[in-house]
Amino acid sequence: MKKFLLTIALSISIFFSQLQAVYAVDAWTAAAQAAGVYALYRSTLVSMTKLGNDVNAQIAVRRQDIKANGQDFNRLDVQLVNSIMTRLINNANYELRVNSLPFVWLVNNSEKFNAACYPMNYISINRGLLRTLNLNADEIAAVLAHEMTHGIEQHSAKNYAKAMAQMLGAMMIGMDVGSSTDSNIDWSKFNGIVGYSVAKTITLPSEQEADEGGFYLMTQAGFNPGGGAAAMARMDYYVRYETEDLFEFDAHDKPEEQTMSDHPDTTVRENNLSKMLTEYSLNHVRVEKSDRIYKVYIDDTEIFTAQVAGEIYRSAELAYLFAGGLSKAFHDYKNFADWNFRTGDFDRITFLTNDDVYKILLEENFNLNLGEKIQTAVQNAYQTEPATLRQNFQIQETERLSAWQKIKSDALNSSKKAAKQLRLNADTYNDYGQAELALFEIERAMQATNQDDLAQCFAIRGRAKAILGDYDGALADVNKAVEMDNKNLYNFLNRADVFHMRGELDLALADIATAINLDKKNAVAFRLQGDIFDELGEIEKATESYRTCYNLTKKNAKSIPLDYLEKIDSDAAEKIRKENPSTGD
């Protein structure tokens with residue numbers, strides 16, 4: 001804690017050096033201020049990370065996104081994003097912290113060039129971003145991997161907590177300690193000053209971290225290493241010449257300028273990602289820009305010049321994706337022979353494979369007949385490559401992998417409370433019909449060293465399998481749950497739900513009856529019982545089950561179907577109809 005307080009104090013010191021003002025405070029006041037700032041930071045961080053682990057909040061923010069921006073129903077847009085996210089999630093090296101939800105995403109109908117990751121790992125992708133990037137999978141993958149890194153590192157929660165602490169610190173240090181009414185703060189400028197500091201000292205570093213983390217995620221998933229730099233070149237052109245929204249981006253935000261943008265200058269980001277492309281190639285490939293011309297080099301040999309008529313970003317995209325293909329090959333192949341140089345169509349030299357990651361490289365190689373030049377440069381690169389270069393690079397990659405394994409280990413060995421939350425998350429996903437997400441969370445819960453309730457985990461997993469149509473696997477799991485613990489009514493209710501989905505209604509009713517005997521005040525059991533009686537056409541029995549549920553939920557009108565509420569409490573039903581005329585009769 002002492003180290004953390006020192007860090008907070010240091011950040012506050014740096015912050016106020018930017019204000020070019022020094023306020024004299026005594027030691028006791030300074031200590032109280034540091035403690036107050038730290039307490040606010042911790043409490044805010046706890047609240048934000050808790051929100052980030054709330055399935056209901058994740059579902060709610062998706063609905064809010066659709067309400068605010070609409071949903072993109074273009075099949076190609078949605079399929080492309082789904083395929084990219086699936087590749088990133090399944091093939092990249094990363095681990096979620098125990099209090100992080102699995103990623104969900106949606107393509108909304110906004111025309112703005114943007115995407116965002118919310119604290120609960122919901123990624124919102126604007127249709128405008130896909131269109132501006134011309135549906136280029138490698139560039140879109142770079143953006144989505146960037147957003148995933150925000151979620152993996154819990155940037156939203158951490159940055160909000162730091163911003164709140166910084167705001168409090170500014171207010172406390174700016175106050176005149178000798179007076180309860182006087183203040184050294186110019187309140188007309190205060191929000192702007194703090195906003196600038198938050199953008200520059202908190203949000204901007206996390207954007208840089210997300211660029212770096214996103215690069216590794218997308219390259220590990222097999223996307224072109226040039227996708228990130230190409231996307232930044234396209235973004236730079238967009239913010240400078242296309243967008244008419246003055247608040248969308250600040251294209252000319254330079255490090256020495258005190259603007260409010262929380263993103264690094266797009267040119268700086270492009271250059272940083274270009275350097276990462278070079279490092280990924282074991283320093284063999286680089287892209288150099290001169291005026292509007294982009295050139296690609298292998299070591300000191302100029303290989304390719306990209307100069308496309310029209311917008312400059314088209315030259316940049318061509319160069320970076322060409323160079324990205326070379327970079328991936330140098331990264332993946334340990335020797336020259338693995339490139340498989342050979343004579344192809346029209347007696348022109350070709351190489352590598354037909355994988356999409358090499359598409360631009362191979363197209364330009366064929367169009368410009370570059371094969372012999374590339375072959376010679378690649379062969380020379382391997383011959384002159386330092387013996388320890390790949391070994392050192394492998395050490396760096398192993399260190400990154402070890403860091404992820406540490407996060408996984410911490411998650412597996414976390415508290416029973418954390419394991420229970422994973423189980424509850426899975427149960428909530430089941431309630432929303434999101435069975436694949438439920439299976440993801442319940443597997444994490446079942447792997448936990450400090451197990452909370454393994455029997456109930458089997459029950460929840462069984463229900464998820466049933467939702468997905470695996471009825472035999474589902475029955476095996478729920479039977480296992482009841483066998484392990486026949487005192488937990490929820491094991492019987494989950495099995496009843498599985499029987500219900502299997503169409504075995506008598507068996508479902510029998511399990512519900514057992515659950516009710518275990519706890520006659522459980523509203524869920526009566527609600528499920530009412531649903532089944534309704535399906536069987538036993539209206540009177542259904543009415544009585546729903547009536548009991550209604551009373552147990554303290555007359556929650558939304559706890560039972562409207563047509564039955566009409567019989568049980570007509571006034572409550574009428575109120576709902578007035579509030580929601582679309583419910584009909």
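Hydrogens, waters and symmetry mates are skipped; everything else that's a heavy atom, side chains included, is used.
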Does the side chain of N272 reach to within under 4.5 Å of the side chain of D211, using non-hydrogen atoms?
-> no

Taking atom CG of N392 as the centre, report whether more than 12 heavy atoms of other residues, nucleotides or ligands fall under 6.0 Å from it.
-> yes

Is the number of heavy atoms from other residues, nucleotides or ligands under 6.0 Å of D506 CG greater than 12?
-> no

Look up atom OG in S559 and atom NZ in K554, then write down how far apart they are to the nearest 0.5 Å.
-> 13.0 Å

Does D531 pair with R527 as a salt bridge, N-O distance under 4.0 Å?
-> yes

Decide yes or no for F499 and I532: does some side-chain heavy atom of the first lie under 4.5 Å from some side-chain heavy atom of the second?
-> no

Just by modelled atom types, is the A116 backbone N or O under 3.5 Å from a matching donor or acceptor in the S124 side chain?
-> no

If every non-hydrogen atom of D77 is compared with every non-hydrogen atom of N74, which pair is closest and at what distance?
-> N-OD1, 3.0 Å

So do M235 and V143 actually touch side chain to side chain, heavy atoms under 4.5 Å?
-> no

ring-ring contact (aromatic ring centres under 6.0 Å, His included) partners for Y122, two or more places apart = Y118

Who are the ring-ring contact (aromatic ring centres under 6.0 Å, His included) partners of F215, not counting sequence neighbours?
-> Y280

Run the side-chain hydrogen bond (donor to acceptor under 3.5 Å, both in side chains) check on S415 and N450 step by step: do they pass?
-> CA-CA 6 Å; S415 66; N450 298 310; over 6 Å; no

Nearest atoms (heavy-atom pairs only) where S83 meets L80 | OG-O, 2.7 Å

Could you tell me whether the side chain of N93 reaches within less than 4.5 Å of the side chain of R400, counting heavy atoms only?
-> no

Report the C-alpha separation of I59 and V55 in whole Å, then their side-chain angles, then the decisive distance to 0.1 Å, and conclude whether the side chain to side chain contact (heavy atoms under 4.5 Å, CB included) test is met.
-> CA-CA 6 Å; I59 298 294; V55 174; 4.3 Å; yes

Report the C-alpha distance between V357 and N224 in whole Å, list the side-chain angles of each, state the deciding distance to 0.1 Å, and finish with yes or no for side chain to side chain contact (heavy atoms under 4.5 Å, CB included).
-> CA-CA 5 Å; V357 74; N224 189 304; 3.9 Å; yes

Starting at CG of L144, measure out to CZ of R87 and round the result to the nearest 0.5 Å.
-> 12.0 Å

Answer yes or no: is there a side-chain heavy-atom contact under 4.5 Å between M148 and I89?
-> yes

What residue pairs, at least two apart or across chains, pass side chain to side chain donor-acceptor pair (under 3.5 Å) with a residue in residues 459-483?
-> D427-R463, D431-R463, E443-R461, R461-D477, R463-D497, K465-D477, N479-R495

Thinking salt bridges, do E544 and K541 make one under a 4.0 Å N-O criterion?
-> no

Closest non-hydrogen atom pair between A523 and T553, with its separation | CB-CG2, 3.6 Å

With rounding to the nearest 0.5 Å, note down the distance linking CG in L536 to CG in L505.
-> 5.0 Å

Verdict with supporting geometry, S402 and T398, side chain to side chain contact (heavy atoms under 4.5 Å, CB included) = CA-CA 6 Å; S402 296; T398 301; 4.2 Å; yes

Which residues satisfy the ring-ring contact (aromatic ring centres under 6.0 Å, His included) test with Y432, sequence neighbours excluded?
-> none

Backbone N/O of A445 and side chain of R423: donor-acceptor pair under 3.5 Å = no

Between T219 (side chain) and P225 (backbone), is there a donor-acceptor pair under 3.5 Å?
-> no

Could you go step by step and tell me if D410 and R97 meet the salt bridge (charged side-chain N to carboxylate O under 4.0 Å, His left out) rule?
-> CA-CA 8 Å; D410 289 346; R97 287 160 176 79; over 6 Å; no

Begin with the C-alpha distance, continue with both residues' side-chain angles, and end with the deciding distance and a verdict on side-chain hydrogen bond (donor to acceptor under 3.5 Å, both in side chains) for Y546 and D534.
-> CA-CA 10 Å; Y546 286 135; D534 177 60; 4.9 Å; no

Measuring from I152:CD1 to I407:CD1, what's the distance to the nearest 0.5 Å?
-> 8.5 Å

Do N551 and K555 have side-chain heavy atoms sitting under 4.5 Å apart?
-> yes

Yes or no on side chain to side chain contact (heavy atoms under 4.5 Å, CB included) for V78 and F73, after CA distance, side-chain angles and deciding distance?
-> CA-CA 7 Å; V78 175; F73 289 105; over 6 Å; no

With distance as the sole test, does N486 use its side chain to make a donor-acceptor pair with the main-chain N or O of V482 at under 3.5 Å?
-> no

Is the backbone N or O of L277 less than 3.5 Å from a side-chain atom of S327, with the two atoms forming a donor-acceptor pair by type?
-> yes

Distance-only, no hydrogens or angles: does the T132 side chain make a donor-acceptor pair with backbone N or O of L129 under 3.5 Å?
-> no

Spacing of R62 atom CZ and I123 atom CD1 [to the nearest 0.5 Å] | 13.0 Å

Salt bridge (charged side-chain N to carboxylate O under 4.0 Å, His left out): which pairs involve residues 558-569, sequence neighbours left out?
-> E566-R577

Assess whether side-chain hydrogen bond (donor to acceptor under 3.5 Å, both in side chains) is satisfied between N108 and N126, documenting all intermediate values.
-> CA-CA 5 Å; N108 67 49; N126 291 6; 2.9 Å; yes

For D72, all residues meeting salt bridge (Lys or Arg N to Asp or Glu O under 4.0 Å), sequence neighbours excluded = R127

Closest heavy-atom pair, A418 versus V98, reported as atoms and distance to 0.1 Å, is CB-CG2, 3.9 Å

Test E207 against H146 for side-chain hydrogen bond (donor to acceptor under 3.5 Å, both in side chains), laying out the working first.
-> CA-CA 8 Å; E207 290 298 324; H146 170 103; 2.9 Å; yes

Hey, could you give me the CD/CD1 distance between Q456 and I460, rounded to the nearest 0.5 Å?
-> 5.0 Å

Which pair of non-hydrogen atoms, one from L101 and one from N425, has the smallest distance, and what is that distance?
-> CD2-ND2, 3.5 Å

Under 3.5 Å, side chain of Q58 to main-chain N/O of P102, donor-acceptor pair present?
-> yes

Looking only at heavy atoms, what is the nearest atom pair of T49 and Q154, with distance?
-> CG2-OE1, 4.4 Å

Is any side-chain heavy atom of T543 closer than 4.5 Å to a side-chain heavy atom of I539?
-> yes

E147 side-chain N/O to C117 backbone N/O, donor-acceptor pair under 3.5 Å | yes

Over 12 non-hydrogen atoms of neighbours within 6.0 angstrom of CD in E540 | no

Would you check if H150 and S156 make a side-chain contact, meaning some heavy-atom pair closer than 4.5 Å?
-> no

